[in-house]
Amino acid sequence: MSEAKTENQLRVDERLQHIAFIMDGNGRWAQRRKMPREYGHKVGAANFKKVVRHCGDIGIKTVTVYAFSTENWSRPPREVKAIMRLLEEYLDGCDADPDAQSIRYRFIGDRSVLSEDLRRRIDRIEEISAGRELTLNVALNYGARDEIVHAVNSLLARGVEKVSAEDISSALYTAHSPDPDLIVRTGGELRLSNFLLWQAAYAELYFTDVLWPDLSEEDVDEAVRHFYARQRRFGGV
Ligand code: FPP
């Protein structure tokens, strides 16, 4: 736990094990400051580290972030390159980061189109962090429809003739994680944008106008309080 956290700090219980974030608003954050969009991603990447650390501090066991979608390749090449560079820098630095020693890194998404170098870095960090306490799923070249299609095809390839919901869950990129309890989207849009569509079946959704680079620890706590104020019935009464 990072220092200077008081005993009044919020703590979650077993009802809230997994929070997922759609980190939206980096581009607008930068444009409002007359800066290039890439700068927004840079500040967004720094904020991502802070938010993940805070999630660990309040007792969350699994965090998932939407870093790059299957659709994001259509952005200007300069922006795509900047995001990939940030990911590489992150992968290179995270092992030496004293605040990240309890993180188990998992990358979810289709890796086949990533550069060999990036894949090697991902494999390495997944391997050395295995067995750690806080699971961080980084969605990279991720799309939920793509994930479901991939899952069904891998079941068919295994010779499964009749597919159950459990079969699909176990063949998704997130098979190792429980479904998200809470999905937080920053940046004011009210949609899931092809993120964790299967896993979100019973997730509570929380939308905020705050742009991702500005999302503070207090904002995360606010989302958590909203989660606890809701009644989850899972289809029951
Ligand atoms: C959405 O904001 C954000 C992204 C598509 C990229 C998210 C990437 C990062 C936070 C940095 C890299 C991540 C890691 C894990 C190191 P947007 O650009 O769509 O914002 P806008 O809606 O204001 O245009």
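Every number for a ligand or one of its atoms is a count from 1 in the order of the listing.
Below 4.0 Å from some heavy atom of Ala67 lie the following atoms of ligand 1, by number and element: 6 (C), 7 (C), 8 (C). In the vicinity of Phe48, heavy-atom distances shorter than 4.0 Å reach the ligand 1 atoms 15 (C).
Distances between N or O atoms of Asp24 and those of ligand 1 include at least one value under 3.5 Å. On a distance-only criterion, Leu86 and ligand 1 share no N/O pair closer than 3.5 Å. Inclusion of Tyr66 in the set of residues having an N or O under 3.5 Å from an N or O of ligand 1 is not warranted.
Taking Ile, Leu, Val, Met, Phe, Trp and Tyr as hydrophobic and joining them when side-chain heavy atoms fall under 4.5 Å apart, one finds Leu86 isolated, its cluster having no other members.
In this structure, Arg75 has a heavy atom closer than 4.0 Å to ligand 1. Within the 4.0 Å heavy-atom cutoff, Asn72 counts among the residues contacting ligand 1.
Annotation: Phe48 is not in aromatic contact with Trp212 [ring centroid separation under 6.0 Å not met]. Proximity of the aromatic rings of Phe107 and Tyr142 is defined here by a centroid distance below 6.0 angstrom, and this criterion is not met.
Taking only non-hydrogen atoms, the option from Met23, Glu189, Arg28, Arg37 nearest to atom 3 (C) of ligand 1 is Met23.
For atom 11 (C) of ligand 1, the nearest non-hydrogen atom of the protein is His41 O, 3.7 Å. Scanning the protein for heavy atoms near atom 14 (C) of ligand 1, the closest one is Leu87 CD2, 3.9 Å. Protein heavy atom in closest approach to atom 10 (C) of ligand 1: Asn26 ND2, 3.4 Å.
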If you apply the rule side chain to side chain donor-acceptor pair (under 3.5 Å), what do you find for Arg185 with Ser193, and how did you get there? CA-CA 10 Å; Arg185 179 173 190 147; Ser193 299; 2.8 Å; yes
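Counting heavy atoms from C-beta outward, Val138 and Leu136 have side chains that approach closer than 4.5 Å.
With sequence neighbours excluded, the residues that form a side-chain contact (heavy atoms from CB on, under 4.5 Å) with Ser154 are Arg158, Ala171.
The one candidate from Ile19, Leu182, Ile183, Leu16 that meets the side chain to side chain contact (heavy atoms under 4.5 Å, CB included) condition with Glu204 is Leu182.
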